[in-house]
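Only one structure is covered here, and it is reproduced in the block below.
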Amino acid sequence: MLPLSMKRYVVALCHKCGEPRVVRMPARSFLCFKCGSRNSVSKVKFIGTTDDIDEATHIAKKFKLGRH
């Protein structure tokens, strides 16, 4: 696996509500679409990294389906 800084997309979890979000790197922060919380990329949990946007979206959707 390549280092995080080498990947184009990461799938991160909002620190407030746990919603997965695809983030294009090198972002420093992102806004959660579900709760509106601003998240620092350096302080959130990642559930996947990839160079392919379709794969990143698939990871996020798979995570959401697994929670319900």
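Position 1 is the first residue of the sequence; numbering continues from there.
The shortest side-chain heavy-atom distance between Arg21 and Val11 does not fall under the 4.5 Å cut-off. Residues Met25 and Val10 have side chains in contact (heavy-atom distance under 4.5 Å, counting atoms from C-beta outward). Considering only heavy atoms from C-beta on, Arg24 comes within 4.5 Å of Arg8 through its side chain.
Of all the heavy atoms in Ala60 and Val22, the pair that sits closest is CB-CG2, 4.2 Å. Smallest separation of non-hydrogen atoms from Val23 and Ala12: CG2-CB, 4.4 Å.
The OG1 atom of Thr49 sits 8.5 Å away from the CD atom of Glu55 when rounded to the nearest 0.5 Å. The distance from atom OH of Tyr9 to atom CD1 of Ile59, rounded to the nearest 0.5 Å, is 12.5 Å. In this structure, NZ in Lys62 is found 14.5 Å from OG1 in Thr57, a value given to the nearest 0.5 Å.
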Pair up each side-chain donor or acceptor in residues 30-47 with any protein partner under 3.5 Å, not counting sequence neighbours, and list the distances.
| from | atom 1 | to | atom 2 | distance (Å) |
| --- | --- | --- | --- | --- |
| Arg38 | NH1 | Ser29 | OG | 3.3 |
| Asn39 | OD1 | His15 | N | 2.8 |
| Asn39 | OD1 | His15 | ND1 | 2.4 |
| Asn39 | ND2 | Ser37 | O | 3.1 |
| Ser40 | OG | Ser42 | OG | 3.1 |

